[in-house]
Amino acid sequence: MAKPVIDETAVSSVETGIIVRNIEAMVRFYIDMLGFEPYGETKLDFVHVRGFRLGNTILKLTYFYEPVDAPQVEGFAPGMRYLTLRVSNIGEAYASLIAAGFEPWLELETATTTRGVVYQHCGVFDPDRNFVELVQGESYSPPSPAFARGEVE
């Protein structure tokens with residue numbers, strides 16, 4: 001079986017898409033509050049995908065013209081529910097988000113992993129109540145030997 005060959009000319013090897021309910025509020029949040037820049041658009045008869053770039057990341061805000069009603073899920077239910085941005089000004093960024101009225105789901109805190117790695121993180125809900133996390137510092141430890149082999153312990 002052939003594995004996908006990464007397109008080396010692409011801005012990002014992985015693009016994240018969020019299906020949105022309120023496209024205007026979501027565009028304002030990701031541009032005005034988080035600093036994403038418009039990258040490109042794909043418009044079809046049934047959907048409008050707006051691509052935004054932040055560094056080497058592409059975020060796709062996807063708006064279906066006839067959306068399916070989906071239940072609002074609270075908490076960390078399985079599925080794509082949060083986006084993490086690596087930042088170097090977490091205190092200022094978090095303060096700006098709170099001042100603009102975005103609801104926190106995780107207050108700014110310093111965390112220590114079970115392997116002793118220390119970093120800061122916080123989180124707010126975007127206008128569609130997706131979890132957006134900000135992280136400053138390296139939060140990953142090297143993989144365990146089992147995980148490095150692709151095994152789950």
Exercise for the section: Could you give me the CA-CA distance, side-chain angles and deciding distance for Asp126 and Tyr30, then say whether side-chain contact (heavy atoms from CB on, under 4.5 Å) is met? Expected result: CA-CA 8 Å; Asp126 74 10; Tyr30 284 94; 2.8 Å; yes
Practice task
Would you sort out whether Thr62 and Val47 count as a side-chain contact (heavy atoms from CB on, under 4.5 Å), showing the intermediate values?
Solution key: CA-CA 7 Å; Thr62 304; Val47 66; 3.5 Å; yes
Exercise for the section: Step through the shown structure and confirm whether more than 12 heavy atoms of other residues, nucleotides or ligands are within 6.0 Å of CD on Glu37. Expected result: no
Practice task
State yes or no: do Tyr39 and Val14 share one hydrophobic cluster built from I, L, V, M, F, W and Y residues joined by side-chain heavy-atom distances below 4.5 Å, directly or via other members?
Solution key: no
Practice task
Examine distances only and state if a side-chain atom of Arg129 and a backbone atom of Phe131 form a donor-acceptor pair shorter than 3.5 Å.
Solution key: no
Practice task
Using modelled atom types only, decide if a donor and an acceptor are shared between the side chain of Arg28 and the backbone of Ile23 within a distance under 3.5 Å.
Solution key: no
Handout entry: Closest non-hydrogen atom pair between Pro127 and Ala25, with its separation
Key = CG-O, 3.5 Å
Exercise for the section: May I ask you to decide if Arg21's main-chain N or O and Asp128's side chain share a donor-acceptor pair within less than 3.5 Å? Expected result: yes
Practice task
Please determine if Glu41 and Lys43 form a salt bridge, counting it only when a charged side-chain N lies under 4.0 Å from a carboxylate O.
Solution key: no
Completion exercise
So CG of Leu61 and OH of Tyr63: to nearest 0.5 Å the spacing works out to 13.0 Å
Handout entry: Exercise: identify the closest heavy-atom pair between Leu134 and Ala93
Key = CD1-CB, 3.9 Å
Exercise for the section: Under the side-chain contact (heavy atoms from CB on, under 4.5 Å) rule, what do Thr113 and Ser139 come out as? Steps first, then yes or no, please. Expected result: CA-CA 8 Å; Thr113 70; Ser139 61; 5.5 Å; no
Handout entry: Close side-chain approach of Val135 and Tyr119, heavy atoms under 4.5 Å
Key = yes
Exercise for the section: Side-chain contact test, heavy atoms from C-beta onward, threshold under 4.5 Å: evaluate it for Leu83 versus Asn130 and give yes or no. Expected result: no
Exercise for the section: Give a yes or no answer on whether the side chain of Thr112 reaches the backbone of Val118 with a donor-acceptor pair at less than 3.5 Å. Expected result: no
Handout entry: Any donor-acceptor pair under 3.5 Å from Gln120 side chain to Glu109 backbone
Key = no
